[in-house]
Amino acid sequence: MNDKTDEHRLIAERRDKLNKIREQGIAFPNDFKRNTVAGELHAEYGDKDNDFFDANPVRVKVAGRMMLRRVMGKNSFVKLQDMSGQIQLFVSRDALPEGLYADFKGWDIGDILGAEGLLFVTKTGELSVKLDALQLLTKSLRPLPDKYHGLTDTESRYRQRYVDLIMSDVTRKTFKMRTDIIQYVRDFLNQRDYLEVETPMMQVIPGGATARPFITFHHALDMDLFLRVAPELYLKRLVVGGFERVYEINRNFRNEGLSTRHNPEFTMVEFYQAYADYNDLMDLTEELLRGLAVDVIGSTTISYQGESYDFGKPFARMTVKESILQFNPDLNEAQLDDLDQARQVADQLGIPLKDSYGLGKVQIEIFEKTVEHRLMDPTFITAYPTEVSPLARRNDQDPFVTDRFEFFVGGREIANGFSELNDAEDQADRFRKQVQEKEAGDDEAMHFDEDYICALEHGLPPTAGEGIGIDRLVMLLTDSPSIRDVLLFPHMRKED
RNA sequence: GGGUCGUUAGCUCAGUCGGUAGAGCAGUUGGCUUUUAACCAAUUGGUCCGGAGUUCGAGUCUCCGACGACCCA
């Protein structure tokens, strides 16, 4: 932090202690090897009693952070925390080498210790290690938060995640679950012969989504580069190349506002499957999410912020228009099918519209305002207007819409997928429309990507693709109210 | 972008009507041979987020700003 906290007396006291340790020899020893962890001990010996340990002495070497200490004259109890949990140490003056117990009493909560001894059970029935060897491995110079309340200040928890992780079981569990979720998704796709790939994070032409990109500069090449807003166009180039099932789990960057659901960098899994259509991917998504829920939380019922969502039964499916009519019973279809009438509806809803908006864009504005946040149960919304889906294949019966879906639960968009537009000429037209919108001032509109058109001209097989927002998925499965709770190091403003 | 709330000791929090800044934990000193947020005694520790204003006097009232949380767009 700053000089002031550096000079704080609590830190100064610990620095003095460290200096004394330095004078006595190696202050940061690196030769202690543990042979077990707390969780393993509880799993293996949690149900044993002292008769067992008398008959079968178990000698263990453990290491970790001292989280709690109760000094009772010549004996002390310590809670030692490692990556698997906590184990209690029983520290007895007379069992340790001369003088070590006095040293131990000068150590602090937060210090990293290595300890060796025999397992036993205390009077109150807690599995513990009776030490005959003890070593300070790392001196901690900064005091930890209150041993009971921990770190509750949200700002500090985000800015100093390492302290949050030390103090909060809930935080550790959330991020372990995040890893489990990503692992499940990866296994799920691997089992279905999808190939995991990496495509550029720095792109010459940002594409694949309508979003404002971050711009950076490459000095040697003397050119602007864009952090990707999506990997889509590169993944589809790979399908052209013959990798018929590919996926990537990685970061996207969007230069937009922050909220409980938005971080400037966020993680998506995007996957593409040749010879599949958007209906196949809805089925796949349903299977993935259902299996994920069972695997990660052990149930198809997901509790989120006091609500409960059933992933066990088939997910609802309806079109954009159907959903608007369902949640706006006073509207009729004719009002949504006519641009002037639809604009009138939007006006009444207080939605600001630009002159350039066509009927499809107006419909989506109405959808986002009146429907999206009300889609609580798992629901696929289909038939998105072509106008707002520049990379999706037109529907054969109704070219006004595309073969596209988005998936919602808890009022939030989790996934977006569609049958891919593989008609190079149609795609070129759509890019030209995007460029017009960009020139009209929409800085989220796409660029014209000539090489991508060239790739399509080589022939993209009929393909469906989808992106699932990992962060929002983790929020849902870990019952986290803010995206910051599922990002180890969320973006924060400068402190000053 | 707008609104509401918050920011006081390392941490968790009190602070009345505007009148010299409080507790618990942590730390320090002493006591204590099976504790469970151990306990007992003593004790150290403050840029009350920053700035300006009102006032004899501001943690407290007013304004501006920073950061955060929530809601709205």
Side-chain angles (χ1 to χ4, degrees), chain A residues 1-18 20 49-50 53 65-81 85-96 101-102 104-111 117-131 139-164 166-169 256-262 305 346 349-353 365 368-370 372-373 411 480-485 490-496:
Chain A
M1 303 279 279
N2 53 44
D3 290 347
K4 203 164 295 162
T5 46
D6 248 359
E7 290 162 6
H8 193 275
R9 64 193 168 79
L10 291 175
I11 295 169
E13 279 170 11
R14 291 187 180 210
R15 267 190 215 287
D16 288 344
K17 291 178 181 178
L18 174 58
K20 291 199 175 70
D49 57 19
N50 281 326
F53 290 121
R65 192 181 297 276
M66 178 160 66
M67 296 302 292
L68 214 54
R69 190 176 58 162
R70 294 180 283 271
V71 179
M72 315 179 55
K74 297 183 182 68
N75 287 340
S76 294
F77 291 91
V78 163
K79 278 282 161 66
L80 196 73
Q81 177 169 292
Q86 296 191 340
I87 184 75
Q88 181 168 262
L89 308 180
F90 181 71
V91 191
S92 189
R93 187 192 67 180
D94 298 334
L96 293 176
Y101 190 77
F104 159 77
K105 285 204 285 186
W107 298 347
D108 293 290
I109 288 169
D111 288 352
L118 295 173
L119 287 183
F120 77 109
V121 179
T122 64
K123 274 182 189 169
T124 50
E126 181 164 352
L127 182 67
S128 306
V129 185
K130 191 174 285 182
L131 301 191
K139 183 68 200 166
S140 160
L141 295 177
R142 289 177 185 266
L144 287 177
D146 187 287
K147 64 186 174 186
Y148 183 66
H149 300 94
L151 193 62
T152 65
D153 179 60
T154 46
E155 187 174 354
S156 303
R157 292 205 302 115
Y158 298 149
R159 288 192 195 275
Q160 294 187 277
R161 184 66 88 185
Y162 40 91
V163 178
D164 184 30
I166 290 170
M167 300 306 296
S168 169
D169 196 39
E256 294 161 359
L258 285 71
S259 80
T260 49
R261 292 180 286 283
H262 298 86
Q305 303 294 297
L349 289 165
I351 299 168
L353 296 176
E365 292 288 331
E368 287 178 357
K369 171 87 175 185
T370 63
E372 193 170 315
H373 63 280
S480 299
S482 168
I483 196 170
R484 289 179 164 182
D485 296 320
H491 182 77
M492 304 287 281
R493 284 176 206 276
K494 282 185 289 191
E495 276 183 282
D496 280 338

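Fair warning: this is a prediction, and the values are worked out from it, not measured in the lab. To find a chain, count down the sequence lines: A is the first, B the second, and so on, and within it residues start at 1.
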Determine yes or no for a side-chain-to-main-chain donor-acceptor pair under 3.5 angstrom, with [X] supplying the side chain and [Y] the backbone.
X: A:Arg65; Y: A:Gly110; value: yes
X: A:Lys74; Y: A:Asp94; value: no
X: A:Asp16; Y: A:Glu13; value: no
X: A:Arg14; Y: A:Ser140; value: yes

So what's B:G6 paired with, Watson-Crick or G-U wobble, going by both distances under 3.5 Å?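 Pair assignment: B:G6 / B:C67.
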Tell which nucleotide pairs with B:G22, taking only Watson-Crick or G-U wobble pairs whose two distances are both under 3.5 angstrom.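 Its partner is B:C13 (Watson-Crick or G-U wobble, both distances under 3.5 Å).
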Could you tell me the separation between the [atom1] atom of [X] and the [atom2] atom of [N], rounded to a whole number of Å?
X: A:Met66; N: B:G27; atom1: CE; atom2: C1'; value: 13 Å
X: A:Arg484; N: B:C67; atom1: CZ; atom2: P; value: 12 Å
X: A:Arg9; N: B:A26; atom1: CZ; atom2: P; value: 14 Å
X: A:Trp107; N: B:U28; atom1: CH2; atom2: P; value: 14 Å
X: A:Asp146; N: B:G10; atom1: CG; atom2: C1'; value: 10 Å
X: A:Leu141; N: B:G27; atom1: CG; atom2: P; value: 15 Å
X: A:Tyr148; N: B:A38; atom1: OH; atom2: P; value: 11 Å
X: A:Ile109; N: B:A37; atom1: CD1; atom2: C1'; value: 10 Å

Would you say the side chain of A:Thr122 and the base of B:U35 hold a donor-acceptor pair, judged only by whether the two atoms sit under 3.5 Å apart?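 Answer yes: a donor N or O sits under 3.5 Å from an acceptor.
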Checking only heavy atoms, does the side chain of A:Gln88 share a donor-acceptor pair with the base of B:U35 at less than 3.5 Å?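 Indeed, a donor on one side and an acceptor on the other fall under 3.5 Å apart.
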Is the closest side-chain heavy-atom distance between A:Leu68 and A:Gln88 below 4.5 Å?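 No, their side chains stay 4.5 Å or more apart.
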Does the side chain of [X] get closer than 4.0 angstrom to OP1 or OP2 of [N] through an N or O atom?
X: A:Arg159; N: B:G68; answer: yes
X: A:Arg70; N: B:A38; answer: yes
X: A:Lys369; N: B:A73; answer: yes
X: A:Arg493; N: B:G68; answer: yes
X: A:Lys147; N: B:A26; answer: yes
X: A:His149; N: B:C11; answer: no

How would you label the contact of [X] with the nucleic acid (heavy atoms, under 4.0 Å): base, sugar-phosphate, or nothing?
X: A:Leu68; result: sugar-phosphate
X: A:Met167; result: nothing
X: A:Thr152; result: sugar-phosphate
X: A:Asp94; result: base
X: A:Arg157; result: nothing
X: A:Gly150; result: sugar-phosphate
X: A:Phe120; result: base
X: A:Lys105; result: nothing

Position toward the 5' end of RNA chain B (nearest nucleotide), A:Leu258 or A:Pro143: A:Pro143
Nearest-nucleotide wise, let me know which of A:Thr260 and A:Ser156 is further upstream toward the 5' end of RNA chain B.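 By nearest-heavy-atom nucleotide position, the 5'-most residue is A:Ser156.
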Ring pair (Phe, Tyr, Trp, His ring centres under 6.0 Å) against A:Tyr158, all qualifying residues, sequence neighbours excluded: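 For A:Tyr158 there are no ring pair (Phe, Tyr, Trp, His ring centres under 6.0 Å) partners, ignoring immediate neighbours.
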Please state whether the rings of A:Trp107 and A:Phe104 are parallel, tilted or perpendicular, taking 30° and 60° as the class boundaries.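 Perpendicular.
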Out of B:U28, B:U35, B:G10, whichever nucleotide has its closest atom nearest the side chain of A:Asp108: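 For A:Asp108, the side-chain atoms sit closest to B:U28.
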From the list B:C70, B:A26, B:U34, which nucleotide is the closest neighbour of the side chain of A:Leu10? B:A26
Rounded to the nearest 0.5 angstrom, the CG-CD distance for A:Asp169 and A:Gln81 is 8.0 Å
Answer yes when A:Asp485 and A:Arg157 have at least one side-chain N-carboxylate O distance shorter than 4.0 Å, and no when they do not. yes
Each nucleotide N or O in nucleotides 40-42 of chain B that has a protein N or O under 3.5 Å away: list the pair and distance.
none

Determine the interatomic distance between P on B:G22 and the same-named atom on B:U4; round to the nearest Å. 33 Å
